[in-house]
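Residue numbers run from 1 in the order of the sequence given.
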Amino acid sequence: MPSISRYINIISRCGNMYRNERLKETDLGTAHHTYLFTICRNPGISQDKLAKMIYINKSNVTRNLAVLEKNGYIERRPSENDKRVMLVYPTQKAEDTLPLLREIVHDWNDLVAADFTEDELEQLRAMLARIAERATGYADEIEFD
């Protein structure tokens, strides 16, 4: 019997393929929606805090932020309190892109859960939330770069 991680990875990779297809007319990549959602919800977030919030190592965050900045979705500015800390802000372009990103996420969820009843969806969400809580609890205890 395949592991839970295998199923989650398959779902994630297929979701990436779906987002890539839906985003092909834009200058966004499949992972960028996570960054934009988090940055728009937390304007002025530090790069380090962003990395911790989305569980991605700092070097990958730096690379993805460079792409988003180059394409006009974010601005990075040094903190007034500590010039070594870079703060990330969404641009209007990022804010204007949120409806499309929300639509893509919503459509993917509808697609993969089309055969589920509301009760089944609630049970699935609750079980996935428990798994995510354990996973993030573990990740919060270790340092990653």
Side-chain angles (χ1 to χ4, degrees), residues 1-79 85-145:
M1 170 177 223
S3 70
I4 293 169
S5 293
R6 176 164 165 67
Y7 290 121
I8 291 170
N9 286 333
I10 290 169
I11 295 164
S12 178
R13 287 191 302 269
C14 292
N16 289 345
M17 292 169 62
Y18 180 82
R19 282 188 301 281
N20 272 337
E21 180 65 24
R22 293 282 306 265
L23 292 169
K24 72 180 174 187
E25 302 299 321
T26 74
D27 51 4
L28 290 171
T30 188
H32 292 146
H33 74 291
T34 300
Y35 290 88
L36 292 177
F37 283 143
T38 306
I39 293 164
C40 287
R41 273 187 243 133
N42 302 279
I45 189 171
S46 73
Q47 286 187 199
D48 286 350
K49 173 107 177 168
L50 176 63
K52 288 179 179 151
M53 284 182 77
I54 63 176
Y55 297 95
I56 296 176
N57 67 48
K58 293 176 193 177
S59 60
N60 283 345
V61 168
T62 301
R63 261 191 306 280
N64 277 287
L65 290 179
V67 171
L68 290 171
E69 187 172 41
K70 178 180 153 244
N71 292 333
Y73 290 96
I74 62 146
E75 293 177 357
R76 292 187 281 184
R77 299 181 219 142
S79 167
V85 175
M86 291 301 288
L87 303 179
V88 185
Y89 296 88
T91 63
Q92 189 60 50
K93 184 176 181 179
E95 296 287 348
D96 292 345
T97 305
L98 287 179
L100 171 64
L101 297 177
R102 285 187 189 108
E103 176 185 311
I104 291 169
V105 169
H106 178 78
D107 289 352
W108 174 249
N109 288 339
D110 284 351
L111 179 72
V112 297
D115 297 338
F116 287 85
T117 66
E118 275 306 311
D119 286 343
E120 289 171 328
L121 281 174
E122 277 308 308
Q123 289 174 357
L124 178 61
R125 285 185 191 106
M127 288 185 277
L128 289 172
R130 285 173 45 201
I131 291 171
E133 187 176 328
R134 284 182 185 253
T136 57
Y138 171 77
D140 289 344
E141 291 177 11
I142 62 171
E143 280 291 317
F144 63 93
D145 286 326

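Counted by atom type alone, R19 and N16 present one or more donor-acceptor pairs between their side chains at under 3.5 Å.
Put simply, the side chain of L101 reaches to within 4.5 Å of the side chain of L23, judged on heavy atoms. No side-chain heavy atom of E25 sits under 4.5 Å from any side-chain heavy atom of L100. Inter-residue side-chain proximity for V88 and L68 is flagged as unmet; no heavy-atom pair is nearer than 4.5 Å. Using a 4.5 Å heavy-atom cutoff, the side chains of M17 and R13 are not in contact. Side-chain contact between L28 and H33 is absent, with no heavy-atom pair separated by less than 4.5 Å. When side chains are defined from C-beta on, H32 does not count as touching I74, because their heavy atoms never get closer than 4.5 Å. Contact check for L111 versus W108: side-chain heavy atoms found under the 4.5 Å cut-off. Residues T91 and D96 have side chains not in contact (no heavy-atom distance under 4.5 Å, counting atoms from C-beta outward).
Closest approach of I45 and M53 over heavy atoms only: CD1-SD, 3.3 Å. When all heavy atoms of V61 and Y35 are compared, the pair lying nearest together is CA-OH, 3.6 Å. Smallest separation of non-hydrogen atoms from Y18 and I104: CE2-O, 3.6 Å. The minimum heavy-atom distance linking R22 with D107 is given by the pair NH1-OD2, 2.9 Å. Closest non-hydrogen pair, S46 versus V85, comes out as CB-CG1, 3.7 Å. Residue L121 comes nearest to A113 through the heavy atom pair CD2-CB, 3.5 Å, listed as atom of the first residue, atom of the second, then distance.
Going from atom CG of L65 over to atom CG of N60 covers 10.5 Å, rounded to the nearest 0.5 Å. Atoms NZ and NZ, from K52 and K58 in turn, are 5.5 Å apart once rounded to the nearest 0.5 Å. Of the inter-residue distances, the one linking D27 atom CG with K93 atom NZ reads 4.0 Å to the nearest 0.5 angstrom. To the nearest 0.5 Å, the span separating CD on E95 from CD1 on I39 amounts to 10.5 Å. Separation of atoms OG1 (T97) and CG (L36) is listed at 7.0 Å; rounding is to 0.5 Å. For the atom pair N42 CG and L50 CG, the distance stands at 8.5 Å (nearest 0.5 Å).
Taking a cutoff of 4.0 Å between a charged side-chain nitrogen and a carboxylate oxygen, R125 and E122 qualify as a salt bridge.
Counting heavy-atom neighbours within 6.0 Å of I4 CD1, excluding the residue itself, gives a total of 12 or less.
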### Task
Could you go through the side-chain contact (heavy atoms from CB on, under 4.5 Å) check for I11 and V112 one step at a time?
CA-CA 9 Å; I11 295 164; V112 297; 5.5 Å; no
